[in-house]
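Chain letters run A, B, ... following the sequence lines, proteins first and then strands; every chain starts at 1. Treat the numbers as computed from the prediction; the structure is a model and nothing was measured.
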Protein chains: 4
Amino acid sequence: MLNYQPTAWLRNGLRMTEQLDRRQALVHAAFSAIAEHGFEGFRLRPIAAAAGIDHSTLHHYFRTKADLIAAVLEHVTSQFEATMHNDLEPAARLRQHLNEIATAVVVRPELFVVLDELDLRARRDKSTEVDIDHDEQGWRDALAAIFNEGIEQHVWSMNLNVAASVELVIATVKGIRLRPDKAESVVNQLCDLFSPERLTHA
Amino acid sequence: MLNYQPTAWLRNGLRMTEQLDRRQALVHAAFSAIAEHGFEGFRLRPIAAAAGIDHSTLHHYFRTKADLIAAVLEHVTSQFEATMHNDLEPAARLRQHLNEIATAVVVRPELFVVLDELDLRARRDKSTEVDIDHDEQGWRDALAAIFNEGIEQHVWSMNLNVAASVELVIATVKGIRLRPDKAESVVNQLCDLFSPERLTHA
Amino acid sequence: MLNYQPTAWLRNGLRMTEQLDRRQALVHAAFSAIAEHGFEGFRLRPIAAAAGIDHSTLHHYFRTKADLIAAVLEHVTSQFEATMHNDLEPAARLRQHLNEIATAVVVRPELFVVLDELDLRARRDKSTEVDIDHDEQGWRDALAAIFNEGIEQHVWSMNLNVAASVELVIATVKGIRLRPDKAESVVNQLCDLFSPERLTHA
Amino acid sequence: MLNYQPTAWLRNGLRMTEQLDRRQALVHAAFSAIAEHGFEGFRLRPIAAAAGIDHSTLHHYFRTKADLIAAVLEHVTSQFEATMHNDLEPAARLRQHLNEIATAVVVRPELFVVLDELDLRARRDKSTEVDIDHDEQGWRDALAAIFNEGIEQHVWSMNLNVAASVELVIATVKGIRLRPDKAESVVNQLCDLFSPERLTHA
DNA sequence: CATGAATGAGTTTTCATTCAT
DNA sequence: CATGAATGAAAACTCATTCAT
């Protein structure tokens, strides 16, 4: 049961499309181009054209191609200020969080496509790696908090390997990013496996 | 508990580096180049140079860049004739299979890096998509067989969503592909969640 | 009796060689190259070099080779805004017109060489064909006007096949284009055959 | 009234298609390729393929591309051993000859297309020029004979400029080569202009 | 005679970037 | 800010030709 009401982080994304200055227009055009053609086919001229300016003018806003890519990366990570619902109990919070992600994968697939391109790129580009890692750490911490709290509240057994569970969630989300049609069922299956009724009895 | 003894499929892969003709040399060079620089920086001249031939001779073996990429794709997928241990009981088979993958991610990370590049590329290139999908379907079927057999043998509850479980496993593996250091703990955590002692009591 | 005073259309052509901007310089260089080596040996690099620019800069002015050829074609056809001397009586007008062409063949043979190359090329290139045909139609009409007027004024017999005569003139001119040394005598011979004193008595 | 019965020279051409050895097959393939794509697009590989051999084997038969072209030229000129009907009176002979050419232009247009390509090429290639000129000289002589005989027999006035008339005929034929649909009416018009009834009275 | 492999010089075209205006 | 012009390095690909087998 996907919730098509975009959450805070998605509204944030949509709001950006209004009142954007030229710099933002370029970042958006670049973002879309990467989503569509990947970095392999990422060229500056079409970006400038999409923003309605000459391709040499683009260099006024971004000195080099790398600078533009950095801006796109920043744009993408800024979209992931996910809202954790701290009022919910841990298991529900995990489910809610994963469902929001699944929804986002369906509603804004390009965001995840570009993220994947950046993830792959991070292997060759240190600065990309740093930014991505920083962003990911926040997520990692939030997930760890859920599990730790759950263990504290005896929702989950003390034997639960928190670090491994966090990485499992992250890996699953990353693996499902490019398959929107399967996102919902996969996160549900994962939540079911983490379901307290089952695990606490173990 | 990583098993550093490469399995059949990995030995196969390693054996390939000996006694290779020119065509294979080119595929290998291309494979390595993609592993290192991704498709973004994938150029033909260095490939030819690495194989010790003139760049125009490369076109004697592969008419176009796309042809070479197709050969790389084939090379990569041919490495994944994973051995399923059908003698083991389902849960152990799943664990064994995932452990082998985790091992492979550590031992031959480039294989998974290139696979990831191809996965991303498949979004823009139909023929890549077809080949990848075909390959993935075999995997999907093998995993489904594990779960179905497990349910039949009452290892897992009849309520287990087989399709979703299969996709969860696949997503997890894909998500962990680029993080070798976390591969083992993540697959173990996933296997634990699928562990019969827990699920059958639910 | 060649008249070496270039007519309006030739002067126009000669004037073009002064004060030309880069685009024109490229068209001129291309024109000369085609005149000298034909399309068979027509390469872009020497054109750029002749215009004193890098060969990549050429693409700034003409996106493709075909674009440059189109510009050459336009340049060539623009040289043929032949002046018909409507004040003369039909037979004299025909003679005058053909003499001007004969003169031009001698004075600017390259123009006719390139035209011939384009004529042959038109067989394989639709857009070239369209432009050439359009240009030729103007000529055809002007010639038809001469003959029709001549018949009206009883200079020529009503039995004169106008269409065939027009085509005969055109064919003759085309056939003589590459033989400047024979141009004068051929057009004179043709005019003599069309000479009224002879034909009206028939 | 075109005569669609091929004359000796055409039958000759058709006979060639039977019992041809590999060398001839290559020449034929080259001829067709030039007819279709001109020298601009004339490549050896497709020729070899059309003859069913490897492209390097082609060099066994023709050391260089130029050698193959020379063979094509020879093939083409060999097709023009036009039969002059010396039994006819001069004017009829001219008409008969031109009609045969007009027919040929319609029946075997490729022959004339290639001839035109060669004509243009002769401007840059001395050996082509020599062969073409030699061939043309035979034609020139035959035409001159017609006119001279005609003058002798008082068919045409002594004032007729034989050389100019010969060139006029040649120019007309060359000019009409690429326009088969107009060939008949043009040669008829030319013959009419040379018609004795008219000219002798002048 | 036939071929597959190899080459080297060359083709058009692209693209990020710079710079003068 | 904005642009058109220019560049240089490089891209993929082509092709006539040679040579060993």
Side-chain angles (χ1 to χ4, degrees), chain A residues 21-23 26 30 40-49 51-69, chain B residues 21-23 25-26 30 39-49 51-69, chain C residues 21-23 25-26 30 39-49 51-69, chain D residues 21-23 26 30 40-49 51-69:
Chain A
D21 68 0
R22 197 136 283 183
R23 227 184 118 89
L26 286 167
E40 192 185 350
F42 181 52
R43 301 293 134 80
L44 293 188
R45 256 176 255 240
I47 306 307
I53 59 174
D54 189 272
H55 68 276
S56 57
T57 306
L58 181 148
H59 289 275
H60 252 280
Y61 296 90
F62 301 96
R63 213 172 49 75
T64 69
K65 191 181 187 177
D67 289 348
L68 176 55
I69 291 176
Chain B
D21 70 358
R22 203 126 282 178
R23 227 185 119 89
L26 286 166
F39 280 110
E40 190 186 351
F42 181 53
R43 299 296 134 80
L44 294 187
R45 253 187 273 236
I47 305 307
I53 59 174
D54 189 273
H55 69 276
S56 64
T57 306
L58 183 150
H59 290 279
H60 181 64
Y61 294 92
F62 301 97
R63 217 169 49 73
T64 67
K65 190 180 187 177
D67 289 346
L68 176 55
I69 292 175
Chain C
D21 69 358
R22 204 132 276 185
R23 226 185 120 88
L26 286 166
F39 280 111
E40 190 186 350
F42 181 53
R43 298 296 133 81
L44 294 186
R45 254 189 274 235
I47 305 307
I53 59 173
D54 189 272
H55 69 276
S56 63
T57 306
L58 183 150
H59 290 279
H60 182 65
Y61 294 93
F62 301 97
R63 216 168 49 73
T64 67
K65 190 178 187 178
D67 289 348
L68 176 55
I69 291 175
Chain D
D21 68 359
R22 197 137 284 181
R23 226 185 119 88
L26 286 166
E40 191 185 350
F42 181 52
R43 300 295 135 78
L44 292 189
R45 256 175 256 239
I47 305 307
I53 60 174
D54 189 272
H55 68 276
S56 58
T57 306
L58 182 149
H59 289 276
H60 253 281
Y61 297 91
F62 301 97
R63 214 173 48 75
T64 68
K65 190 179 188 178
D67 290 348
L68 176 55
I69 291 175

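Distance NZ (D:Lys65) to P (F:dT17): 8 Å, rounded to an integer number of Å. Rounding to whole angstrom units, CZ of residue C:Arg63 and P of E:dC15 are separated by 11 Å. We find that CG of B:Asp67 is positioned 14 Å from P of F:dA12, with the value rounded to whole Å. A:Leu26 places its CG atom 10 Å from the P atom of F:dA2, with the value rounded to the nearest Å. The CZ-C1' distance, from D:Arg23 to E:dC1, rounds to 14 Å in whole Å.
In terms of the side-chain hydrogen bond (donor to acceptor under 3.5 Å, both in side chains) criterion, B:Arg43 has no residue partners (sequence neighbours excluded). For C:Arg23, the side-chain contact (heavy atoms from CB on, under 4.5 Å) test picks out C:Asp21, C:Tyr61, C:Phe62, with sequence neighbours left out. Residues meeting the side-chain contact (heavy atoms from CB on, under 4.5 Å) test with C:His55, sequence neighbours left out: C:Arg45, C:Ala48. Scanning for side-chain contact (heavy atoms from CB on, under 4.5 Å) contacts around A:His59 gives A:Leu44, with sequence neighbours left out.
Considering all non-hydrogen atoms of both residues, C:Leu26 and C:Leu68 come closest at O-CD1, 4.3 Å.
At least one side-chain heavy atom of D:Lys65 sits under 4.5 Å from a side-chain heavy atom of D:Phe42.
Applying a 4.0 Å cut-off to non-hydrogen atoms, the residues of residues 51-62 of chain D that approach DNA chain F are D:His55, D:Ser56, D:His59, listed by residue number. Using a 4.0 Å cut-off on heavy atoms, none of the residues of residues 39-46 of chain B approach DNA chain E.
DNA chain F forms stems at E:2-21 with F:2-21, each a run of 3 or more consecutive Watson-Crick or G-U wobble pairs whose two key distances fall under 3.5 Å.
Put simply, CZ on B:Arg22 and NE2 on B:His60 are 10.5 Å apart, with the number rounded to the nearest 0.5 Å.
Within the 4.0 Å cut-off from OP1 or OP2 of F:dG4, not a single side-chain nitrogen or oxygen of C:Arg22 is found.
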